[in-house]
Number of protein chains: 2
Amino acid sequence: MAKDTGSLRALRRTNSERLLSALMEHGALHRAELARICGVSRTTVSTIVADLVMGGVVMEVVGDQVAEAGIDASEVDGRARGFLQANPAAGAAAGLDFTLERVWGHVTDLSGTTLASDGATVARDTPWQERLTTGLALLDELLSKAALDRDALVGVAIGVPGPIDLQSGVVGPSLPGQAWAGVNVSAEFGRHLAVPVLVGNNTRLEAVAEFTWGAGKGARDVLYLGLSTGIGSGLLVDGNLHHGGARGGGGEVGHISADPAGAPCPCGNRGCLVQYASLNAVLKALSFGDIDELLAAAEAGDDDTVRVLREAGEHTGRVLANICNLLNPERIIVGGELARAGDLVLEPIRATLRRSAMALTRDADVVAAELDLGARAGASGAAALVLRQTDQLVAALLAGAELKSNEAV
Amino acid sequence: MAKDTGSLRALRRTNSERLLSALMEHGALHRAELARICGVSRTTVSTIVADLVMGGVVMEVVGDQVAEAGIDASEVDGRARGFLQANPAAGAAAGLDFTLERVWGHVTDLSGTTLASDGATVARDTPWQERLTTGLALLDELLSKAALDRDALVGVAIGVPGPIDLQSGVVGPSLPGQAWAGVNVSAEFGRHLAVPVLVGNNTRLEAVAEFTWGAGKGARDVLYLGLSTGIGSGLLVDGNLHHGGARGGGGEVGHISADPAGAPCPCGNRGCLVQYASLNAVLKALSFGDIDELLAAAEAGDDDTVRVLREAGEHTGRVLANICNLLNPERIIVGGELARAGDLVLEPIRATLRRSAMALTRDADVVAAELDLGARAGASGAAALVLRQTDQLVAALLAGAELKSNEAV
DNA sequence: GGGTTTGTGTCAAGAGTGTGAACGAACTAT
DNA sequence: ATAGTTCGTTCACACTCTTGACACAAACCC
């Protein structure tokens, strides 16, 4: 089979893809509606759907599931519709998120439902080869928990610290001692996995998680800001994730200068935002040991704490105002540990933004991240990144379905 | 005809589009090569090409034109190839650029060759309705010069000052007295033109011109900076023109703050870049009347002039460093009148950028705009914008070709 | 309750598209 | 001049989608 040149087969594949994509996007549909959406005849829909059901990619919705899917079929005249939906269990997406001392793994089905999620700690000085095997072991463990094997995966995404060069795919240096620096993560994991491997920066993956399931849902121009040890960001431009620029070095909001007259930063600039609004900077200014002390003091209304958080927010707001004038996002999501301070940091951001940005760009919504800010966010974002690649995903599913239907015959 | 639902026709159309796109991208190809590139059989290529030739969209390259197209067919064995190329005369693209006191029009063929280009002046207080008729008259005049009629157009793009709201398509307010404020330019021109009408900000269109034909050729992540009366910009993200954000307010680099402690700006911010690096600001600081005086003094080596230009460059460089850390463009193009000062302003930009941006993002090329910086740039960019929409363009050509081939029968 | 309306899903006939194999054409190398 | 190579075209064939017709199922109308 698979004489793929055949452009008549390509037509059928194209139509199959359209049908499946429509089902994944709209949830559950009946054949006639599907035909209208995709611009093909009901006949064609029926024949293709029969194949897809045979391949296990699509399933008929029966009985209670109809109500569950939130369809009211009773409102209209005519024959009852046979509803169809993409089979969430036709495949799985996995994400692995490597931070300095931890690996977190996350496996979801195609609807984004979490099947398994867990983490493991690693020593700071662990070389990347060892991290890789640890990550793969974690992945296999999660898969077995979910009663799946690697064949079920439609893709895997890997989160690492630091920038990823767009052309070479190699991770660039960021912090000294970055374990993955100089490694082509996609290629290395590709040796062990038979599916596409995507790579992204940790913070950008958190952003993807928010775009997909959190505060960024439905928006097309979003900036996610991660106020953590460092300050990273993820950017959604017209519905597409920004790739990080020519050498993947983009998104470093933490080293945008909030004050050109400020203190020098190791990066070469002066008055970088990290000096005012990173978790480290705030803790240091208040001599707190960790975020919980900070939050306790904030809740108690400690003046110094409120002031430092306000100043952090104001500096952040000034930087955001500049970004708004450049890109005019419709929504700004603030995440990272410091976002747990809530309005104490968000309100100063909003006020400064409204004061400093231009009339047309200043009304961006500034909202807190919705997803849990723990270690899981990056890994779930990685899985989300896989699910976002609808095209590849659909193609993978169809290839798999073709195999299965052939086996069946 | 044109029962467009027919998905078999869709297949043929898809293949026709692929063939035509390949021809437009690669220049000139023979049938076998075309088949290899598009993944279809030579048979199919032959039949489709026959139709396209009939429709006038594609033409056979004969005689001297072969050498002209830069093909050496002699190097290989086998039968001589019949080369094909997209017919540049199969359609035309037009751009109209409205500035405060001028309209400029530009008409090109499909290869981007200028067919006609001219301008007209209008009074500052002319309402938009009158500007519209002036523009259309100019367009018709240019078309008649080029011996074309409106049917030949595959699209028109309009440049206006100010932001364009993404959802509504309405021009937002910018300068007081902006003639187009509140107008849906695309819809209004659409009443008079039977082709797609695109709308863009003046500066962004200059950027498109540079991306397409000037200093931005071949790059995928580019920032164009227009240092003129105001400071605007155009942004290319991974090969796509940035649309200006949620409300079209993006790109306002001039109101990014270069110094939070600087003087207040009417926009609400402090120390905006326009205060240091706009043409007006520089002229005012040196008490010059126009750009020519400035350039003369610069060439004469006047210390004050050199200093002010250096400071303008340094402020610009600081702002660009922040943008580089956010988006990591591979190339930055500096245009607008002030760019005529050349290295006197570019070198300080480069030096500041190298000092202030992060290691990975600081090596963006900073180059001067290549195209003439006169009134023509915006209009030619508008035409380029039309040519960039390859999909729509190809679709329009095929529709036209189908008509013509039917007429022929 | 029965007839009508509306809309769904499937079947057979028909039209259109792309492919593969085979063939003639044209050019290079020996 | 001959062999080898590649190109462009022709024809039978296989495949896909559509159209029109029909059976079916629910809701509406009287």
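First the proteins, then the strands, lettered A, B, ... as listed; each starts at 1. The figures here come from the full heavy-atom set of this structure, side chains too, leaving out hydrogens, waters and symmetry mates.
- Taking atom CG of residue Leu8(A) and atom P of nucleotide dG18(C), one finds them 7 Å apart after rounding to whole Å.
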message: Please determine whether side-chain contact (heavy atoms from CB on, under 4.5 Å) holds for the pair Asp221(A) and His243(B), giving the CA-CA distance in whole Å, both sets of side-chain angles, and the decisive distance to 0.1 Å.
response: CA-CA 10 Å; Asp221(A) 285 275; His243(B) 54 74; 3.2 Å; yes
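- Between the P atom of dG9(C) and the NE2 atom of His30(A) lies a distance of 7 Å, rounded to the nearest Å.
- Side-chain nitrogen and oxygen atoms of Arg9(A) include none within less than 4.0 Å of the OP1 or OP2 phosphate oxygen of dC17(D).
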- request: Output, in order, the C-alpha distance, side-chain angles, deciding distance and verdict of side-chain contact (heavy atoms from CB on, under 4.5 Å) for Trp213(A) and Leu387(A).
  value: CA-CA 12 Å; Trp213(A) 295 311; Leu387(A) 295 178; 4.1 Å; yes
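- When every heavy atom of Cys38(B) is checked against every heavy atom of Leu19(B), the shortest pair comes out as SG-CD1, 3.7 Å.
- In this structure, of dT8(C), dT18(D), dT19(C), it is dT19(C) that holds the atom nearest to the side chain of Thr44(B).
- In terms of heavy atoms, Arg220(B) sits closest to Asp238(B) at NH2-O, 2.7 Å.
- The side chain of Asn15(A) contributes an N or O atom lying less than 4.0 Å from OP1 or OP2 of dC17(D).
- Rounded to whole Å, atom C1' of dG7(C) lies 12 Å from atom CZ of Phe83(A).
- Between the side chain of Thr43(B) and the base of dG20(C) there is at least one donor-acceptor pair of N/O atoms closer than 3.5 Å.
- Spacing between atom CG of Leu29(A) and atom P of dG7(C) amounts to 17 Å, rounded to whole angstrom units.
- Arg18(B) places its CZ atom 10 Å from the P atom of dG18(C), with the value rounded to the nearest Å.
- Nucleotides of DNA chain D nearest to Ser46(B) and Ile48(A) differ in position, and the one nearer the 5' end is that of Ser46(B).
- Shortest non-hydrogen contact noted between Ala93(A) and Val386(A) is CB-CG1, 3.7 Å.
- Within 4.0 Å (heavy atoms only), Arg31(B) reaches sugar-phosphate atoms of the nucleic acid but no base atom.
- Separating the CG atom of Leu34(B) from the P atom of dG8(D) is a distance of 10 Å, rounded to the nearest angstrom.
- Comparing Glu33(A) and Arg42(B) by the nucleotide of DNA chain C whose heavy atom lies nearest to each, the residue mapping closer to the 5' end is Glu33(A).
- With rounding to whole Å, Leu11(A) atom CG is found 9 Å from dG18(C) atom P.
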